[in-house]
Amino acid sequence: MTTSSLLEEAASISKQFDVSKDRLIAISNEFIRLTDLGLKSDGMPMAMIPSFVTGVPNGTEKGTFLAVDLGGTNFRVCSIHLNGDGTFDLLQTKSVIPRSLMVGTSKELFSFLAKKVDEFIKTHLDEKFNEEGGHAANEHIYKLGFTFSFPVNQTAINSGTLIRWTKGFDVADAVGKDVCQLLQDELNLLKLPVHVAALVNDTVGTLMSRSYSSPGEAATLVGVILGTGTNGAYAESLAAVEKLDKSASALADKSIMVINTEWGSFDNNMKVLPTTTWDDAVDLETPNPGYQMFEKRVSGMFLGEILRRILLELYEKGHMFSKASTPLTTAWSLDTSILSRVEADTTPDLVAVKSIVETDLGLPTTLIERQAIKVIVEGVGKRSALLAGAVIGGILVHTKACQSNPVVDIGVDGSVFEFYPGYEDLMREALKDVLGENEKKVRIGIAKDGSGVGAALCALVA
Ligand code: ADP
Ligand code: MG
């Protein structure tokens with residue numbers, strides 16, 4: 001293939017990832033429609049799960065808590081001390097979840113998690129609490145916030161049954177069970193002095209943690225995850241959550257409820273979402289084809305695989321690379337961080353792209369091939385950010401947040417947002433299309449250590 005035609009083909013591939021202003025507005029409108037439906041009744045396409053969190057913090061909260069986070073690539077255990085002035089001290093350990101446990105039994109998975117909590121307490125806390133309290137560590141009961149970032153049917157602040165797994169997990173016997181109880185049982189078997197006090201979705205935790213630490217008076221109104229998966233939570237007026245029985249005493253005199261949208265499954269029937277042949281191919285490789293269709297176009301688990309599919313097709317057509325390599329032909333072998341590193345390379349010879357493709361794909365490249373890769377990456381990355389911006393815009397239109405607040409604060413957690421160059425600016429392009437001038441009122445900030453601090457804040461209000 002001639003060099004100019006490879007670049008033309010790359011441009012035409014990239015163009016298939018364009019999302020027009022009209023399309024972004026249509027996406028936002030459809031999101032609002034599904035939001036309304038999900039607030040009215042259960043079993044709707046977008047779950048709109050009440051979190052039973054009825055207030056957002058203002059930074060004066062205090063105390064020491066344990067938190068664990070199961071939601072993607074890693075399992076984290078941490079202890080958090082909230083200082084009461086918007087700051088906190090955090091101690092954390094992180095372990096990779098063995099693939100076999102992601103598709104095994106609930107007993108195997110949850111006993112692994114409990115063991116990690118045990119190790120954390122033995123290594124980091126026993127001594128400290130012995131010193132502080134002057135009594136044996138096991139007389140102290142730690143309140144634990146459990147960040148569990150899969151769709152659950154939450155029935156109270158510390159109980160919820162698993163609806164389905166996402167993001168490559170498939171522990172069949174856990175579906176329908178109370179995940180807090182599964183964890184509590186394993187903690188009890190190890191005789192750990194820990195009470196699972198709150199079940200927290202990471203997106204709710206992100207909202208809480210950003211609200212605790214965000215500068216100034218403005219409460220945070222939306223929490224967003226852009227990591228392995230994607231999801232959003234926001235503060236909704238309690239009265240608007242029509243499907244919720246509000247007679248429970250815990251809800252008396254409350255005015256807001258944080259809602260976990262589960263927007264990963266927004267528009268599964270593909271009414272407004274854009275698609276390409278590569279998206280369709282990636283979808284078929286997943287354990288849940290036809291589900292999480294929004295997530296599959298936006299989050300870190302999928303962007304690398306979309307790119308791999310495109311490059312593989314160009315190779316198979318004989319348009320690119322003189323040979324194949326194992327990473328190119330193996331599903332899920334390209335990490336989304338590659339897109340960030342390619343996007344960040346602004347050198348004329350694309351020297352970083354050269355070394356990335358050499359190390360990560362094991363392939364030599366010509367300059368034209370590198371230019372083609374860059375153009376394709378830009379298309380895939382930009383579409384992710386625009387789609388994320390469009391649904392955030394949808395939430396703000398729905399809540400009329402820009403009409404009633406001088407500053408609308410949004411907290412975001414996740415490596416895709418944090419590390420993809422220019423991601424926020426691209427998100428803002430879509431926000432402008434949806435909100436017009438009001439986009440200027442939106443302040444977007446990273447919720448650092450969001451899930452741990454957020455879980456602690458939920459354990460505190462529990
Ligand atoms: P988790 O989702 O487990 O909480 P992260 O927020 O770190 O963890 O997200 C992990 C996802 O982000 C993975 O899918 C990974 O491919 C992707 N990722 C990691 N580093 C980067 C990066 N530099 N740029 C873009 N995506 C990244
Ligand atoms: Mg996370």
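Indexing begins at 1, ligand by ligand and atom by atom, following the structure's order. This is a predicted model, so every value here is computed, not measured.
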**Request:** Can you sort out which atoms of ligand 1 are near Gly414, meaning under 4.0 Å from one of its heavy atoms?
**Result:** 6 (O)
**Asked** So which protein heavy atom does atom 16 (O) of ligand 1 come closest to, and at what separation?
**Response** Asp335 OD2, 3.0 Å
**Polar side chain donor-acceptor pair, Lys167 to Asn288, under 3.5 angstrom** = no
**Message:** How far is atom 26 (N) of ligand 1 from the closest protein heavy atom, and which atom is that?
**Reply:** Thr336 CG2, 3.5 Å
**Nearest protein heavy atom with distance in Å, relative to atom 20 (N) of ligand 1** = Ser337 CB, 3.6 Å
**Complete:** shortest atom 24 (N) of ligand 1-to-protein heavy-atom contact is with Ser340 OG, 2.5 Å
**Request:** Assess the side chains of His81 and Thr64: does a donor N or O sit below 3.5 Å from an acceptor N or O?
**Result:** yes
**Asked** For atom 19 (C) of ligand 1, which protein heavy atom lies nearest, and how many Å away is it?
**Response** Ser415 CB, 3.6 Å
**Distance-only N or O hit between ligand 1 and Gly229, under 3.5 Å** = no
**Request:** Indicate whether the side chain of Glu262 and that of Asn260 have a donor and an acceptor atom separated by less than 3.5 Å.
**Result:** yes
**Request:** Taking the side chain as every heavy atom from C-beta outward, state whether Thr329 and Leu312 have any pair of such atoms under 4.5 Å apart.
**Result:** yes
**Request:** Return the minimal non-hydrogen interatomic distance between Ser265 and Pro45, and the atom names on each side.
**Result:** OG-O, 3.5 Å
**Request:** Give the residue and atom name of whichever protein heavy atom lies nearest to atom 10 (C) of ligand 1, and the separation in Å to one decimal.
**Result:** Thr228 OG1, 3.4 Å
**Asked** Relative to the heavy atoms of Met301, which atoms of ligand 1 are at a distance of less than 4.0 Å?
**Response** 14 (O)
**Asked** Are a donor atom and an acceptor atom from the side chains of Asp335 and Ser337 found within less than 3.5 Å of each other?
**Response** yes
**Request:** Around atom 14 (O) of ligand 1, find the nearest protein heavy atom and jot down its residue, atom name and distance.
**Result:** Gly300 C, 3.0 Å
**Message:** Among Leu183, Leu162, Leu182, Asn201, which residue satisfies the side chain to side chain contact (heavy atoms under 4.5 Å, CB included) criterion with Phe148?
**Reply:** Leu162
**Complete:** Ranked by distance from atom 23 (N) of ligand 1, the top protein heavy atom is Phe419 CB, 3.1 Å
**Request:** Check the angle between the aromatic planes of Tyr423 and Phe417 and answer parallel, tilted or perpendicular using the 30° and 60° thresholds.
**Result:** perpendicular
